[in-house]
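A short write-up of the structure that comes next.
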Protein chains: 2
Amino acid sequence: MSSPIPIEDTIAQECLAVRLRIVHRVATRIYDDALRPTGMTISQLNILVATALLKRVRPAEVCERLQMDASTLSRNVERMKAHGWLETVPDEDRRAQPLRITPKGRRLLARAKPAWDAAQAQVQGLLGAETFAALDSAVRRIHRSEI
Amino acid sequence: MSSPIPIEDTIAQECLAVRLRIVHRVATRIYDDALRPTGMTISQLNILVATALLKRVRPAEVCERLQMDASTLSRNVERMKAHGWLETVPDEDRRAQPLRITPKGRRLLARAKPAWDAAQAQVQGLLGAETFAALDSAVRRIHRSEI
DNA sequence: AAAATGTAATTGTATATACAAATAAATATT
DNA sequence: AATATTTATTTGTATATACAATTACATTTT
């Protein structure tokens, strides 16, 4: 006669979310600390990188890539435009507000690179090599499944 | 003569943070969607589980386990107390405000279990088996390194 | 014992996030 | 062509998060 396992034991032992969220908090803290002297956060750096990479990109495509709600991106872009790091360019479809990185944004990116290097190395050490591969394949699966 | 690789290419190809944050957003969406009928979020469920597991726990210990800032936990607990899911019990050290799950909180936990099961299965499928192991060992490393 | 230091938690303020609703413009339907 | 539907983005509102400062209490130092 064994007593049933309490719900909290099962969830604590198996929950993916709690582990993912812990790692997310720790990593965000490390990147944000490193980036603080640049005035940018890791969330904003990821948006800046996506924009620089795609040259000229609609908010909706950044949302798709980063799996971010459009309203979240909108507020982040608002702050980044206020800093002069991003700008909006006209589009044939007048609903669209394509984004482009500004020269000031490019300079910020160059200045932030060493801070990113340091944070990346620190988080890599904390998470272990297998974690990058796991996250990368998870992201690929997410992007494939959203077709 | 090869041109240098642009900063945005390097960061996009290697950044742990962007991958972690994408997976975090997707997983949070799935758990929160599943839990919505219960009135609880996955962040709150994780706090409820930690409290139930430890019977009677100081906020500072929950913060340590979940790697959450004390002010963040304070606001979350505030909401959960307003719902009647958690309560504060007295402590010898009068600075401390130990937490305990209420009977209402226990009933919520039981009611939320099937929703958690469904979300957990869905996220497991999306992230793949190797991801749980990677995250779990990362969390263990984080907890060990914070001694 | 008084003063200084340390610790636990909360409060002020800001960013990050998402859902729901609104707005504006393009496309499809009748 | 007028109406309906869809699409792109923003705005309203709420939770999640953290840093800095504050409050209240405990411990250590003098």
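What's counted below: heavy atoms across the whole structure, side chains too, no hydrogens, waters or symmetry copies. Numbered from 1 within each chain, the chains take letters A, B, ... in sequence-line order.
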Q) Under 4.0 angstrom, heavy atoms only, what part of the nucleic acid is B:N46 near: base, sugar-phosphate, or nothing? A) nothing
Q: Looking at every strand, decide which applies to B:S71 at a 4.0 Å heavy-atom threshold: base, sugar-phosphate, or nothing.
A: base
Q: Could you state the atom-to-atom distance from CZ of A:R25 to P of D:dA18 in whole Å?
A: 6 Å
Q. Where each residue is assigned the nucleotide of DNA chain C containing its nearest heavy atom, which of A:I42 and B:P98 is assigned the position nearer the 5′ end?
A. B:P98
Q: In whole angstrom, give the distance that lies between atom CG of B:N76 and atom P of D:dA14.
A: 16 Å
Q.
With a 4.0 Å limit, can you tell me whether A:R94 has a side-chain N or O closer than that to the phosphate oxygens OP1/OP2 of D:dT9?
A. no
(Q) Around atom CZ of B:R29, are there more than 12 heavy atoms from other residues, nucleotides or ligands closer than 6.0 Å? (A) yes
Q) Yes or no on side-chain contact (heavy atoms from CB on, under 4.5 Å) for A:V139 and B:V23, after CA distance, side-chain angles and deciding distance? A) CA-CA 7 Å; A:V139 168; B:V23 172; 3.9 Å; yes
Q. How long is the line joining CZ of A:R36 and C1' of C:dT15, in whole Å?
A. 11 Å
Q: Could you tell me the separation between the CG atom of A:L48 and the P atom of C:dA16, rounded to a whole number of Å?
A: 13 Å
Q: Would you indicate, yes or no, if C:dT10 has its OP1 or OP2 atom less than 4.0 angstrom from a side-chain nitrogen or oxygen of B:S74?
A: yes
Q | B:K113/B:D117 ion pair, N-O < 4.0 Å | A | yes
Q) Can you find a pair of side-chain heavy atoms, one from B:V18 and one from A:I42, that are under 4.5 Å apart? A) no
Q) Any side-chain N or O of A:T41 under 4.0 Å from OP1/OP2 of C:dA16? A) yes
Q: Select base, sugar-phosphate, or nothing to describe what A:D33 touches, counting heavy atoms under 4.0 Å on all strands.
A: sugar-phosphate
Q) If you measure only the distance, is there a donor-acceptor pair under 3.5 Å linking the side chains of A:Y31 and A:Q120? A) yes
(Q) Counting the atoms with a prime plus P, OP1 and OP2 as sugar-phosphate, which does B:T72 contact under 4.0 Å by heavy atoms, base, sugar-phosphate, or nothing? (A) base
Q: Look at all strands and tell whether A:A96 reaches a base, only sugar-phosphate, or nothing, counting heavy atoms closer than 4.0 Å.
A: sugar-phosphate
Q | side-chain N/O B:Q67 vs D:dA18 OP1/OP2, d < 4.0 Å | A | no
Q: Calculate the interatomic distance between A:E78 atom CD and C:dT17 atom C1'; express it in whole Å.
A: 14 Å
Q.
Considering every strand and a 4.0 Å limit on heavy-atom distances, what is the contact class for A:A60: base, sugar-phosphate, or nothing?
A. sugar-phosphate
Q | Pairwise 5' ranking along DNA chain D for A:E61 and B:H24, keeping only the more 5' one | A | A:E61
Q.
Quick check for you: among C:dG6, C:dT15, D:dT17, whose closest atom lies nearest to any side-chain atom of B:M68?
A. D:dT17
Q) Touch check for A:R75, heavy atoms < 4.0 angstrom, all strands: base, sugar-phosphate only, or nothing? A) base
(Q) Whether A:Q97 contacts C:dA24 is assessed here as follows: a side-chain N or O lying under 4.0 Å from the phosphate OP1 or OP2. Is that the case? (A) no
Q. Separation of B:D93 atom CG from D:dT23 atom C1', in whole Å?
A. 14 Å
Q: Describe the nucleic acid contact of A:D32 in one word from base, sugar-phosphate, nothing, applying a heavy-atom distance below 4.0 Å.
A: nothing
Q: Grab the CZ-C1' distance between A:R95 and D:dT5 for me, whole Å please.
A: 11 Å
Q: Rounded off to whole Å, could you give me the CG-to-P distance for the A:L73 and D:dT10 pair?
A: 8 Å
Q.
Whether B:R21 contacts C:dA16 is assessed here as follows: a side-chain N or O lying under 4.0 Å from the phosphate OP1 or OP2. Is that the case?
A. no
Q: Report the C-alpha distance between A:R58 and A:D93 in whole Å, list the side-chain angles of each, state the deciding distance to 0.1 Å, and finish with yes or no for side-chain contact (heavy atoms from CB on, under 4.5 Å).
A: CA-CA 11 Å; A:R58 293 185 183 185; A:D93 183 336; 3.9 Å; yes
